[in-house]
Amino acid sequence: MERAVDIAVVGAGFAGMYMVHRARAANLSVQVFEAGTDVGGTWYWNRYPGARCDIESVEYSYSFDNDLQQEWEWNQRYAGQPEILTYAQHVADRFDLRRDIQFSTRVTSAIFNEKSNNWRVTTDKDDVVTARFVVFATGCLSSTNVPHFIGADSFTGPTYHTGEWPHDGVDFTGKTVGLIGTGSSAIQSIPIIAEQSKHLTVFQRTATYSIPARNDTIDKEYVKEVKANYNEFRDLNRQQMGAFGSNIRRGEQAALEVSEAERRQEFELRWEEGGFAFLSSYNDFLLNHDANETVAEFVREKIYSIIKDPDTAKKLLPTQVIGCKRLCLDSGYYETFNRSNVSLVDVGSDPIERITEHGLVAGGDQHTFDVLVYATGFDAMTGSLLKIDIRGRNNQPLAEAWDAGPVTYLGLSTAGFPNMFMVSGPGSPSVLTNMMMSIEQHVEWISDCISHIVSSGKTTIETTDKEQTEWVAFVNAVADMTLYPSCNSWYLGANVPGKPRVFMPLLGFPTYADKCTEVAANGYEGFVLV
Ligand code: NA7
C-alpha cells in the first residue's frame, strides 16, 4: 500500500532516531526504515567480542535532552557495545521512537519524481512511501568491506565479519581461527578471541599503531563534575576540532621545540593515561612529518619492548604516519602476540592468494583453521548510500553522479537530488569527530531546513554543481595541509579496490558548524530554493 509522509528516513541508528524526535517536534510526519530488528545502527551490527567506543561515554551520548543526559548512568570510561546498545534502546523507549520506525526492512530505491516533486521510496518488503523529503541516516561505517579473495566460497567452516556479527555470539572454544585485518575491530577482538580459541592466526597487511585505552569503570566523581555543568561541557566539546576532548590537555608547542628528554617524559605520561589524548601532547603531529616521527618512534619502541619474539615484534612495527589512519585504542592487543596460541602472518609483502576449503594460502604457504573472521572494515561513508538505487533529476543514479567520488555541499546535499539530505555525509566532519555531536548538529540543521521550506511555501531545495565542486576542493585542500592524505586510509576510500581516491571527511568541527549556521541564516546560501 502506498503511503505519503513528509519525511522518509533510512536508518535507525543515532541519526535516524534523533530525526524522528525532531520531525515530530516540527509537526512533520516521518517514516523510518531500518534493516535491523531494532535501533542502534553501528552498535546494533558490530557485536564482535570487545567492541567498544573510543570516545568517552560521557561525551558519546545525546546532548539534546538535559533530563536524559542527567539521568543516564554510564558504567565504563569507554562504553562497550552492549552498554551503548542498551542506551540506544532506552532512548527509543523514553521518546517512544519505535512507532515511526519499521524494522527488518531494507530500502531498495529512492527515486525523485520531477512532476510531483517528491521521493518514491521502496523497500524489500514491498512498501512504497512517497515523501517530500528523504534523509539518509545510513551511517558512515555500515557497509562491510569483504575483499574478493579467490575461492572465498570454498571455505567449509563458519565465516564471520566483525561488522555483521551474530547476535547470539560465537563460541571459539577448541577452535582454530584465522582473522584477516588489524584495524580497530581486529585490535579489539583479537585479545578476546585469542583467550577463547585453541589457536588464532592473524593475517596483517599493514601494521597498526595502537595506544592503551586504559578503560575502567567510570570515575563517579568525574561524572558528578561533568553533570554539574553538562551543557557547558558539551559546548566546550563542540569548540574542539573533533567535537570531543575538552578535558584533554592539549600541548601548545611544536614537538621539536622541546628537548628529546622532555618529549619522552610527556609521551610516557600520556601512554600511561591512555586514549586519544596521547596524540595531543604537541600541536603539530599531523602537520609536520619530523614531529610525527618522534611520537611514531616512541610507539614503535613500546611495541618492541612488549613483544618477546623479535621477528613478531618487527612485523608489528608500523611505518606510516601515526594518526593518518584512525588511531586504535586497545586493551592488551600487543601482549596477545606473546601467547603461545597466537601467530602473526604478514600478508603485506606476500598477499593472500586464495581462500581454500580449510584455510588460506599466502606467500605460497597454506594456513589452516576452522573459523574465518573478516575484520576487513567498511566501504566507508559512501557504501551504504550507493547500495540503494537513488535517482534524482533526469533519473540520474547517485552512483553515476558520484562516479569520480562523492560530491556534496557541506556533506548534506548533492546537486540534482532535491530535498535529499545525508546525515554526516562525505564532505562533513563526521568520522573525524565525536559522531554524536556531528549527528545532532546535522539532524538539527536538516530539520530546521525542512521546517523552513515547508513554512515558507517553497517546494524544493537543492545545491548547485558549482557550490559542491568548490566544497569538495575545499575539503581536500584542508586535508592536503595535513599528513592525512599520506597513507591508504578509509578516509580516502583507499581500502576498497577501485574506489575513487577523495578525502571524504572535513577537518574541523567548530568552523564547519559555524558555516552551516551562517548558510541557514543567509537564506540557505549555496542552495536553490524553488
Ligand atoms: P579498518 O580500520 O578499515 O581495518 C580493516 C583491516 O582489514 C585493515 O587492517 C586492512 O588492512 C585489512 N584488510 C582490508 N582488506 C584486506 C585484504 N584484501 N587483505 C588483507 N587485509 C585487508 O576497519 P575496522 O572495522 O577495524 O575499523 C573501522 C573503524 O571503526 C575504525 O577506524 C574506527 O573508527 C571504528 P590495511 O590497513 O588496509 O592494509
Side-chain angles (χ1 to χ4, degrees), residues 13 41-43 45-55 60 78 80-81 84 139-152 160-165 178-190 201-211 213 242 244 276 315-316 318-330 333 344-355 360-363 367 372-381 383 424 429-436 438 484 486-499 501 504-505:
T42 292
W43 303 103
W45 298 104
N46 283 265
R47 299 178 188 232
Y48 60 84
R52 189 173 293 287
C53 191
D54 52 14
I55 303 283
Y60 193 85
Y78 297 99
Q81 174 272 333
I84 303 176
C140 294
L141 297 166
S142 302
S143 178
T144 53
N145 170 41
V146 183
H148 297 291
F149 293 121
I150 296 167
Y160 306 104
H161 191 289
T162 47
E164 282 172 357
W165 203 257
L179 184 149
I180 304 172
T182 50
S184 286
S185 305
I187 275 170
Q188 293 185 332
S189 57
I190 282 170
T201 309
V202 176
F203 298 92
Q204 168 189 274
R205 185 166 70 179
T206 311
T208 316
Y209 295 96
S210 187
I211 303 300
F244 73 95
F276 284 143
K315 284 187 211 160
L316 284 167
T319 51
Q320 71 273 20
V321 159
I322 183 169
C324 173
K325 288 185 181 184
R326 189 174 174 117
L327 189 64
C328 298
L329 305 186
D330 72 275
Y333 172 65
L344 178 68
V345 177
D346 175 10
V347 293
S349 40
D350 291 314
I352 295 169
E353 290 160 33
R354 62 184 187 279
I355 308 281
L360 62 78
V361 176
H367 302 271
L372 174 56
V373 177
Y374 287 97
T376 43
F378 300 89
D379 182 355
M381 306 197 74
S424 61
S430 59
V431 291
L432 291 174
T433 67
N434 171 3
M435 284 301 293
M436 293 299 266
S438 279
Y484 274 107
S486 70
C487 68
N488 290 326
S489 68
W490 55 257
Y491 299 141
L492 273 164
N495 62 327
V496 176
K499 192 167 172 173
R501 201 178 168 100
M504 293 181 283

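Note that ligands are numbered from 1 as they come in the structure, with each ligand's atoms numbered from 1 the same way.
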Chemist: Report yes if D54 has an N/O atom closer than 3.5 Å to an N/O atom of ligand 1; otherwise report no.
Modeler: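 No, D54 has no N/O under 3.5 Å of an N/O on ligand 1.
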Chemist: Please write down residue, atom name and distance for the protein heavy atom closest to atom 30 (O) of ligand 1.
Modeler: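 Checking every protein heavy atom, the shortest distance to atom 30 (O) of ligand 1 gives L141 CD1, 3.6 Å.
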Chemist: More than 12 heavy atoms of other residues, nucleotides or ligands under 6.0 Å from CZ of R501: is that the case?
Modeler: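 Yes, CZ of R501 has more than 12 neighbouring heavy atoms, counting only those of other groups under 6.0 Å.
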Chemist: So, 4.0 Å and heavy atoms of Q204: is ligand 1 close enough to count as a contact?
Modeler: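 It does not, in that no heavy atom of Q204 comes within the 4.0 Å cut-off of ligand 1.
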Chemist: Using a 3.5 Å cut-off and no angle test, enumerate the donor-acceptor pairs between side-chain atoms of residues 139-147 and protein atoms at least two apart in sequence or in another chain.
Modeler:
unit_1 : atom_1 : unit_2 : atom_2 : d
S142   : OG     : T138   : O      : 3.0
S143   : OG     : K387   : NZ     : 3.1
N145   : ND2    : T376   : O      : 3.0

Chemist: Atom 23 (O) of ligand 1: which protein heavy atom is closest, and how many Å away?
Modeler: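 For atom 23 (O) of ligand 1, the nearest protein heavy atom is G377 CA, 3.1 Å.
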Chemist: Indicate yes or no: does an N/O atom of T206 lie under 3.5 Å from an N/O atom of ligand 1?
Modeler: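 It does: an N or O of T206 is found under 3.5 Å from an N or O of ligand 1.
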Chemist: Between CG of L316 and OG of S210, what distance do you get to the nearest 0.5 Å?
Modeler: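 Spacing of CG (L316) from OG (S210) equals 11.0 Å.
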Chemist: Tell me, with the steps shown, if D54 and R326 meet side-chain contact (heavy atoms from CB on, under 4.5 Å).
Modeler: CA-CA 10 Å; D54 52 14; R326 189 174 174 117; 2.8 Å; yes
Chemist: With heavy atoms only and a cut-off of under 4.0 Å, state how A375 meets ligand 1: side chain, backbone, both or neither.
Modeler: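 It is the backbone that touches ligand 1; the side chain stays farther off.
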Chemist: For atom 15 (N) of ligand 1, what's the nearest protein heavy atom and its distance?
Modeler: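 The closest one turns out to be R205 NH2, 3.5 Å.
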Chemist: Looking only at heavy atoms of T182, does any of them come nearer than 4.0 Å to an atom of ligand 1?
Modeler: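 The answer is yes: ligand 1 sits under 4.0 Å from a heavy atom of T182.
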Chemist: Applying a 4.0 Å heavy-atom criterion (strictly less than), which segment of T162 is in contact with ligand 1: side chain, backbone, both, or neither?
Modeler: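 The answer is neither; T162 stays 4.0 Å or more away.
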Chemist: How close do L327 and F276 get, heavy atom to heavy atom, and via which atoms?
Modeler: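 In this case the closest contact between L327 and F276 is O-CE2, 3.4 Å.
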Chemist: Near S185, which atoms of ligand 1 are under 4.0 Å from a heavy atom of that residue?
Modeler: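 Reading through ligand 1 atom by atom, the close ones are 24 (P), 25 (O), 26 (O), 27 (O).
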Chemist: Pull out every atom of ligand 1 sitting under 4.0 Å from any heavy atom of P147, numbered as shown with elements.
Modeler: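 The list of qualifying atoms is 15 (N), 16 (C), 17 (C), 18 (N).
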Chemist: Please work out, at 4.0 Å between heavy atoms, whether the side chain, the backbone, both, or neither of F203 comes within that distance of ligand 1.
Modeler: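 No part of F203 comes within reach of ligand 1.
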Chemist: Return the residue, atom name and 0.1 Å-rounded distance of the protein heavy atom closest to atom 37 (O) of ligand 1.
Modeler: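 Ranked first by proximity to atom 37 (O) of ligand 1 is K325 NZ, 2.6 Å.
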Chemist: Provide the number and element of each atom of ligand 1 under 4.0 Å from a heavy atom of R326.
Modeler: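 Going through ligand 1 atom by atom, the ones under 4.0 Å from R326 are 32 (O), 33 (C), 34 (O).
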Chemist: Take the angle between the ring planes of W43 and Y60 and call it parallel below 30°, perpendicular above 60°, tilted in between.
Modeler: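 Rings of W43 and Y60: perpendicular, over 60°.
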Chemist: State the OG-CH2 distance between S185 and W165, to the nearest 0.5 angstrom.
Modeler: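 If I round to the nearest 0.5 Å, the distance is 10.0 Å.
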Chemist: Just verifying a value: how many Å separate C53 SG and L329 CG, rounded to the nearest 0.5 Å?
Modeler: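 The SG atom of C53 sits 9.5 Å away from the CG atom of L329.
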Chemist: Ring-plane angle category for Y491 and Y484, please: parallel below 30°, perpendicular beyond 60°, tilted otherwise.
Modeler: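 Ring orientation of Y491 relative to Y484: perpendicular.
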Chemist: Is there side-chain contact between I180 and L360, with heavy atoms separated by less than 4.5 Å?
Modeler: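 Touching, per the 4.5 Å side-chain cut-off.
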Chemist: Only heavy atoms of G181, strictly under 4.0 Å: list the atoms of ligand 1 that pass.
Modeler: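 Heavy-atom distances to G181 below 4.0 Å select 6 (C), 7 (O), 9 (O), 12 (C).
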Chemist: Is there a polar contact between ligand 1 and N495, counting only N or O atoms under 3.5 Å apart?
Modeler: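 No, there is no polar N/O contact under 3.5 Å.
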Chemist: Starting from atom 19 (N) of ligand 1, what is the nearest protein heavy atom, named by residue and atom, and what distance separates them?
Modeler: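 Of the protein heavy atoms, F149 CZ, 3.7 Å lies nearest.
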